[in-house]
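Numbering of residues begins at 1 and proceeds along the displayed sequence. Keep in mind that this is a model prediction, so the values were computed, not measured. Both backbone and side-chain heavy atoms feed into the values below; hydrogens, waters and symmetry mates do not.
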Amino acid sequence: MKQVLETIIRNIVEDQNSVSINEKEEADKITYEVKVAGSDMGRVIGKQGKVANSIRSVMRALGSKNKKKVVVEFLD
């Protein structure tokens, strides 16, 4: 799942080398902390958070296959 998230994020941003994804796994929950360059944060979040919410929806759908709750956090 991390690979899918990384692919999505890298295709959105301009500075692909600054993408960092930290994965924290618990019993029934996986949290992904996404860090991108400050100039790319607007691209990842999108207008009114639509891009970010779409990314979260895709990841939640992937998590439901494995019966895990997936949370995606975008950090500054």
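Under the salt bridge (Lys or Arg N to Asp or Glu O under 4.0 Å) criterion, Glu73 pairs with no residue at all, not counting sequence neighbours. Shown here are the side chain to side chain donor-acceptor pair (under 3.5 Å) partners of Glu6, two or more places apart in sequence or in another chain: Arg10. Under the rule for a side-chain contact (heavy atoms from CB on, under 4.5 Å), the partners of Gln48 that lie at least two apart in sequence or sit in another chain are Lys50.
Looking only at side-chain heavy atoms (C-beta outward), Val4 and Leu62 come within less than 4.5 Å of each other. Between Ile12 and Ile55, the closest side-chain pair of non-hydrogen atoms falls below 4.5 Å.
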Counting only pairs under 3.5 Å, give me each side-chain donor-acceptor contact of residues 23-30, with atom names and distances, residues two or more places apart or in other chains.
{"residue": "Glu23", "atom": "OE2", "partner": "Tyr32", "partner atom": "OH", "Å": "3.4"}
{"residue": "Lys24", "atom": "NZ", "partner": "Glu33", "partner atom": "OE2", "Å": "3.1"}
{"residue": "Glu25", "atom": "OE2", "partner": "Lys68", "partner atom": "NZ", "Å": "3.1"}

Using distance only, find each side-chain donor-acceptor pair of residues 34-43 under 3.5 Å and give its atom names and separation, not counting sequence neighbours.
{"residue": "Asp40", "atom": "OD1", "partner": "Glu14", "partner atom": "N", "Å": "3.3"}
{"residue": "Asp40", "atom": "OD2", "partner": "Glu14", "partner atom": "N", "Å": "3.4"}
{"residue": "Asp40", "atom": "OD2", "partner": "Asp15", "partner atom": "N", "Å": "3.0"}
{"residue": "Arg43", "atom": "NH2", "partner": "Glu14", "partner atom": "OE2", "Å": "2.4"}

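From Ile9, atom CD1 reaches atom CD of Gln16 across 11.5 Å, with rounding to the nearest 0.5 Å.
Applying the side-chain hydrogen bond (donor to acceptor under 3.5 Å, both in side chains) test to every pair with at least one member in residues 55-66, sequence neighbours left out, gives these pairs: Asn53-Arg56.
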